[in-house]
Amino acid sequence: MVDRPRRADARRNYELVLTAAREVFDELGVTAPLDEIARRAGVGNATMYRHFPTRRDMVIAVYAEEVTALGELGRTLLGDPSPADALFAWLRAFIAHVSTKGQLPLSIPDDEAGQRSALYREWHETMHTAAADLLRRAQEAGAIKADLDVADLLASANGIGRAAADVSQADRLLAIVRDGLARTSRTGNSPK
């Protein structure tokens, strides 16, 4: 089957439903009533189901959009004049993503074709690439310890996203990680 371009009204309805789904999932969780999503989008249930036949389809679309945004943010931040600031700005966004969107991919039931595993790999690769590129740039600038592995950095940020009680605590924990990873001490001493 060939994907045909959507008409303008169909694209608009798709975006309305996707935006409403993101908001409802944020407020009420991934098990929120789908009728509420259609109501907030200002479309009928039939229109919503035409774009997203199942909750699974909707969750995948919302989460994929979030991951795409993280990847785009990473590419944008590569142009930041401060490689360390760029890395930690992206990590802050990643932590917010984990804390607010972490249940979305876990709620996706697998299908017989194993699509969920393929999606997980694709999403992981997008986030891993963004983090790796920013980390490499910060390391090359001498701002971050050269022996830091991106998998360890992402695991630390993931832990902050899951454990922090609120944004303020997440920021404090990320500052601790940043201080620990700095190539030089804040007092200007030689590299650690």
Side-chain angles (χ1 to χ4, degrees), residues 11 14-30 32 37 51-52 55-108 110 115-141 143-145 148-178 180-181:
R11 280 193 311 270
Y14 176 89
E15 290 301 325
L16 287 170
V17 173
L18 193 60
T19 298
R22 187 180 329 105
E23 292 169 1
V24 169
F25 290 159
D26 283 351
E27 291 173 28
L28 304 175
V30 74
I37 294 169
H51 293 290
F52 303 102
R55 178 183 303 272
R56 180 181 191 279
D57 295 324
M58 191 177 294
V59 170
I60 289 171
V62 168
Y63 194 73
E65 183 181 66
E66 296 289 332
V67 172
T68 298
L70 275 174
E72 290 172 0
L73 176 61
R75 287 186 291 280
T76 299
L77 287 170
L78 285 172
D80 190 290
S82 170
D85 288 346
L87 172 63
F88 284 93
W90 187 88
L91 287 172
R92 188 172 194 274
F94 175 77
I95 289 167
H97 166 84
V98 169
S99 68
T100 61
K101 307 293 187 233
Q103 293 304 311
L104 287 176
L106 300 176
S107 73
I108 299 170
D110 209 356
Q115 182 191 22
R116 181 178 66 184
S117 296
L119 288 169
Y120 279 14
R121 280 191 301 276
E122 178 184 325
W123 294 332
H124 174 80
E125 183 61 31
T126 297
M127 290 184 275
H128 186 275
T129 298
D133 290 347
L134 290 164
L135 174 61
R136 184 173 30 261
R137 186 169 172 258
Q139 288 171 323
E140 289 170 355
I144 300 293
K145 292 180 179 181
L148 177 63
D149 178 73
V150 69
D152 293 340
L153 181 61
L154 284 172
S156 297
N158 186 53
I160 291 170
R162 294 189 185 282
D166 54 33
V167 173
S168 178
Q169 185 181 32
D171 286 344
R172 288 192 309 273
L173 293 171
L174 186 58
I176 291 168
V177 169
R178 184 172 184 163
L181 297 177

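FYI, side chains are in, hydrogens and waters are out, and symmetry mates aren't considered; it's all heavy atoms of this structure.
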- Is any NZ, NE, NH1 or NH2 atom of the basic residue among Asp26 and Lys101 found under 4.0 Å from an Asp or Glu carboxylate oxygen of the other?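 Lys101 and Asp26: salt-bridged.
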Which value, rounded to the nearest 0.5 Å, describes the distance between [X] atom [atom1] and [Y] atom [atom2]?
X      : Y      : atom1 : atom2 : value
Met127 : Leu154 : CE    : CG    : 8.5 Å
Leu91  : Leu134 : CG    : CG    : 8.0 Å
Thr68  : Glu65  : OG1   : CD    : 8.0 Å
Leu173 : Ile95  : CG    : CD1   : 8.0 Å
His51  : Tyr14  : NE2   : OH    : 9.0 Å

- Item | Plane angle bin for Tyr63 and His97 - parallel if under 30°, tilted between 30 and 60°, otherwise perpendicular |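 His97 vs Tyr63 ring planes: tilted.
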- Parallel, tilted or perpendicular: rings of Trp90 and Phe94 (30°, 60°):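 Ring orientation of Phe94 relative to Trp90: parallel.
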Any donor-acceptor pair under 3.5 Å linking the side chain of [X] with the backbone of [Y]?
X      : Y      : value
Arg137 : Leu78  : yes
Gln169 : Ala165 : yes
Thr129 : Thr126 : no
Ser99  : Ala96  : yes
Asp80  : Pro83  : no
Arg22  : Val17  : no

Are the side chains of [X] and [Y] in touch, meaning some heavy atoms are under 4.5 Å apart?
X      : Y      : answer
Gln115 : Arg56  : yes
Val177 : Leu181 : yes
Glu15  : Arg11  : no

Minimum heavy-atom distance between [X] and [Y], given as atom pair plus value:
X      : Y      : result
Val24  : Ala32  : CG1-CB, 3.3 Å
Ile37  : Ala20  : O-CB, 3.5 Å
Lys145 : Gly180 : NZ-O, 3.2 Å
Val62  : Leu104 : CG1-CD1, 3.8 Å
Ala130 : Gly71  : CB-CA, 4.5 Å
Leu73  : Ala93  : CD2-CB, 3.5 Å

- I would like to know whether Asp85 and Arg92 meet salt bridge (Lys or Arg N to Asp or Glu O under 4.0 Å); could you show each step before the answer? CA-CA 10 Å; Asp85 288 346; Arg92 188 172 194 274; over 6 Å; no
- Under the side-chain contact (heavy atoms from CB on, under 4.5 Å) rule, what do Leu87 and Leu153 come out as? Steps first, then yes or no, please. CA-CA 11 Å; Leu87 172 63; Leu153 181 61; 4.0 Å; yes
- Could you give me the CA-CA distance, side-chain angles and deciding distance for Trp123 and Glu66, then say whether side-chain contact (heavy atoms from CB on, under 4.5 Å) is met? CA-CA 10 Å; Trp123 294 332; Glu66 296 289 332; over 6 Å; no
- Task: Let me see the working for Arg172 and Ser168 under side chain to side chain donor-acceptor pair (under 3.5 Å), right down to the final yes or no.
- Result: CA-CA 6 Å; Arg172 288 192 309 273; Ser168 178; 2.9 Å; yes
- Query: Can Ile60 and Phe52 be said to form a side-chain contact (heavy atoms from CB on, under 4.5 Å), step by step?
  - Reply: CA-CA 10 Å; Ile60 289 171; Phe52 303 102; over 6 Å; no
